[in-house]
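One structure is given here, and the rest of the page talks about it.
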Amino acid sequence: MALRRGKTIILDSKPRIVSFASAVGKKENEGPLGEEFDEIYEDTTMGEDSWEKAESLYLKAAITKAISKSELQKSDIDVICSGDLLNQCIGSSFGIKDFELPFCGVYGACSTMALSLCMTSMMIETGAFCNCIAATSSHFCSAEKQFRKPLEYGGQRPPSAQWTVTGAGAVVLGKEGGKSVCIDKIHLGTIQDLGILDSNNMGAAMAPAAKKTIADFLSDTGTKPSDYDAIFTGDLGSVGSELLLELMLKEEGIDLGSVHKDCGLMIYDREAQDVHAGGSGCGCSGSVLCSHILSGLHSGKYSNILFIATGALMSTVSSLQGQSIPGIAHLVNFKRGCNE
Amino acid sequence: MSISNEEYGRMAKRASPNSPVVKDCIKAFLFGGTICAFAEGLNTAFGYTDMSMEESKALTMVILIAITAILTAIGIFDNIAKHAGAGTMVPITGFANSIVSAALEFQTEGRILGTAAQMFTIAGPVIVFGCSAAAVYGFIIYFFGLY
């Protein structure tokens, strides 16, 4: 039976990472992590006539690859838990419908990878599920279309703006199997809103939520940053990362500097690829987790890490109505050596 | 201790890099100036034909709109505008681009409810306020007999 310490849930079943896969587009492949992704689709239309359909195919590709890497059959999967940025999560529902598997749709904006991992971990903890898939996707073009301006619109992006990652990540989580990497603890975040109104400055809107989740988790578990090989945030970018470190030091007296990494800063070469403050989107933390981070855990590069995917929970309606941007951050603590 | 929204707002402002205003202004001036000089050149050239002043002005605008529409459709305009900023947005090129880009973007939702309904999502306010301003100035001129 899982234990609760404050807001942190210590899982008894230690859900195993059976397999994982990522599928990304051209720009992500050209970035520093290019060689670590499983599936590369240079044509970001995926041969479809709409960006929304293309996004669904990225998700489908990541899930298909994750299943094929797992030595499981499709019929062994009990549920797929997934979400994305598009209205009514159509990226996920249309990408998953052909699998004919139970589907649990979740929305956590860019924090969806951690949220879907939290949900599937708890499903395995109940004992009623053996193999679950946690997944997410985003697409630069479908996100621009929904949240900003048409693709060919001639506008300028401010330096604090981030670039939505075209890509998807999928993890097969199981009661057993895999190479001894497991989820030890999960922590569902609390919404934080410090009044940021600028939807071109998501990093600033999400940093307080990341700070709150990390600080609560460290206090619940009585651990300190140096106990972890790395603390990965989802997509705070350069502005949000700077603010997270500053808030953490100012409010909690904790220095994250030596262990903090941000998926949004890892996935692109910010200067050369002209992405301003870094990468963002569900697919940012999703594809980096399902390549660099989990590979690092499998190879032994990391043995105990925190993965905190961050999300901005606003919509185009709430922004137009002048409401500030609420941030959220969910945490997953991965460990290596669970079979020992 | 937890910080207030105001204090966090100041922190966020400090952490967010500003746009390079001087560089942006110089680029906007050069691009915008080039577009306007090109249009003026066209207008002057048409002056040597037997077109009236009104006709040559209209033809100049049509040519600028056509060039913008083509550059938008082949995906070049936004790459120029990224550098030009207000230089391409303020002349009629910006207006044309806002309509063509929206029309292209929403064609996947069909010709009527996609392209036709959505093509004015960005340009719509410009048309509304442009017409409103014209009406207001019209009234002022009519009632106060400025001419």
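So you know, we letter chains A, B, ... as the sequences are listed, proteins then strands, and number each from 1.
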_Ionic contact status for A:Glu246 with B:Arg14, cut-off 4.0 Å_ = yes

The interface call for B:Glu109 against chain A, heavy-atom contacts under 4.5 Å, is side chain

So, the part of B:Met11 with a heavy atom under 4.5 Å from chain A: the answer is both

Turns out that what part of B:Asn79 lies under 4.5 Å from chain A's heavy atoms comes down to neither

Honestly, the part of A:Asp49 sitting under 4.5 Å from a heavy atom of chain B is backbone

Consider only side-chain N and O atoms of A:Lys145 and B:Thr108, and report whether a donor and an acceptor are under 3.5 Å apart.
-> yes

Ranked by heavy-atom pairs below 4.5 Å to chain A, first place among B:Ile80, B:Thr88, B:Ile122, B:Thr121 goes to B:Ile122

(Q) Quick one, B:Val100 and A:Pro150 - any side-chain contact, counting heavy atoms below 4.5 Å? (A) no

If you tally heavy-atom pairs under 4.5 Å between each of B:Ser101, B:Gly9, B:Ala81 and chain A, the highest tally belongs to B:Ser101

Honestly, the part of A:Ile196 sitting under 4.5 Å from a heavy atom of chain B is side chain

Turns out that what part of A:Leu247 lies under 4.5 Å from chain B's heavy atoms comes down to both

Rounded to the nearest 0.5 Å, the OG atom of A:Ser50 sits from the CD atom of B:Glu105 at a distance of 10.5 Å

